[in-house]
Student: 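I'd like to ask some things about the structure below.
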Amino acid sequence: MFSRITRIFYLCSTSFFMATAIVSTPSQATPAFARQTDKACNACHFQHYPALNDYGQEFKAGGFTAMGKQGTLKGKDLSLPNVLNASLFLKLRYQNTNGTDAPNTPTAASGEWQFPDEFALLFGGRITENIGYMLEGQLANGAAPFLAGFKMPFMFKAGDMKFGVVPYTTDALGTSYGFELLNTGAVRNIRVMEHRNESSAQQYINTATPAMGAAFVLWDPKFFINVSKWSPNHAAVAEGRANGNPSSTYFRAALTPSVGDWALGVGVQSWSGSSKQGNALAPGTVVTVATKAWAVDAQAQGAVGNLPLGIYLTHAEAAGTPVGAAVANLFNANPNARKATTIAAELGVIPHKATLMFAYRSGNTGSAAANSSDNATTIGGTYQYAQNVQLQLLHSKRSRGGAVPVGRYAGSLTPGDSLTTLMLSVGF
């Protein structure tokens, strides 16, 4: 497997470096961080939230500790912002598919107003000189725990490099939540498009799971490495805490050089091992799951003329679960490998205001069907009313993979093969 990863990694890196060498980067931060650093939201982000630019990557690699003009409480072994930095993040969506619904069984096929899709209370920033934190508390689901995610980076300097450890827990972002800098969807919440499964192969193979563990990180302006020990559990759930022994391994490495005015990134991901996973719906029960998958990705962020352009390539595969296997692969219950290759691009047609988006996915669900292909084409765009107020419109069309449709969109009577999303996202 690793020889195959190496070949694809080499091909992706070579093609990306050659292509972008012959073709400037402007950039919405979590407002809590904007308050701490005294910088505008677009100081950390490429074109729009949540995609990171070089400065945003460095701020994150520093453990969210960089300060601006905000006052600091100082003393012996104390360096703490004099205010608690907080913000609210809200996503409102309208989604519609071309599926059909059975009577009294509505889904997005009938049109669904998701108010909210996400509603989060975010706290984050500096704890002391080398320690920071980020806490996400969800407000959308009264039945779920308030704690959706938490990380506390301990990051130290060694010349131009930074190294440290990041303890973390998340309800649904996967082990890559511990530390990630690229905008390819390598971690669920850092991607340019709302339709994550259509624009990111890592998201298509279901890597966005509960996760808790510790990420051991090395960062340099030209690369970063993350080795995590983790389990697919969440600390806010009693069953998760009881079974959170971090016996699975996650490896992430990426090159992040610059070529001219282009900021590049080429990386590899590997999930391996197995873990015990608690079942919150059946207290006292535990299941052992395999965590087997790999991915390669690449990105280039720069400009063509005066128009910002981001290009994102991903390929990912999750091993199948053989029929009758005692241990299932967490990422793929189907018998064959679930895999996808995606390319996505975003052009800033009105810099800092409006973008056009395109993505294509060549996918395979790994099902036992004679034809389990699951391809998708996505078009759309964004409009930034303000740096922290964004409208996004997307339309995805999936091609059917044989006589029996696989991986379709919502429809309680007949599944759909297209999805349209109109979303308003606001941070304040």
Student: Heavy-atom count around K353 NZ within 6.0 Å, excluding the residue itself: above 12?
Tutor: yes

Student: Cut-off 3.5 Å, side chains only: do T249 and K229 have a donor facing an acceptor?
Tutor: yes

Student: T342: what forms a side-chain hydrogen bond (donor to acceptor under 3.5 Å, both in side chains) with it, not counting sequence neighbours?
Tutor: T314

Student: Just checking, any donor-acceptor pair under 3.5 angstrom between side chains of H195 and T378?
Tutor: no

Student: In sequence, state the C-alpha distance, the side-chain angles, and the governing distance for F150 and Y168, and then conclude on ring pair (Phe, Tyr, Trp, His ring centres under 6.0 Å).
Tutor: CA-CA 6 Å; F150 179 78; Y168 65 90; over 10 Å; no

Student: Compile the donor-acceptor pairs under 3.5 Å between side chains in residues 115-128 and protein atoms, sequence neighbours left out, one pair per line.
Tutor:
| residue | atom | partner | partner atom | Å |
| --- | --- | --- | --- | --- |
| D117 | OD1 | R93 | NH2 | 3.3 |
| E118 | OE2 | K91 | NZ | 3.0 |
| R126 | NE | S79 | O | 3.1 |
| R126 | NE | S79 | OG | 3.2 |
| R126 | NH1 | T65 | O | 2.7 |
| R126 | NH2 | S79 | OG | 2.9 |

Student: Spell out, as yes or no, whether a donor-acceptor pair under 3.5 Å connects the side chain of T291 to the backbone of W271.
Tutor: no

Student: Please name the residue in the list W219, F163, F216, F179 that meets the ring-ring contact (aromatic ring centres under 6.0 Å, His included) test with F224.
Tutor: F179

Student: If you draw a 6.0 Å radius around NZ in K397, do more than 12 non-hydrogen atoms from other residues or ligands fall strictly inside?
Tutor: yes

Student: Got a salt bridge between R338 and E317, using NZ or NE/NH1/NH2 to carboxylate O under 4.0 Å?
Tutor: no

Student: Testing the 3.5 Å rule here: is there a donor-acceptor pair between the side chains of E346 and H48?
Tutor: yes

Student: Does the side chain of Y250 pick up a donor-acceptor pair with the side chain of Q269 at under 3.5 Å?
Tutor: yes

Student: Does the ring center of F59 lie less than 6.0 Å from the ring center of F33?
Tutor: yes

Student: Under a plain distance cut-off of 3.5 Å, with no hydrogens placed, do N85 and Q70 share a side-chain donor-acceptor pair?
Tutor: yes

Student: Going by atom types alone, do Q392 and Q390 pair a side-chain donor with an acceptor below 3.5 Å?
Tutor: yes

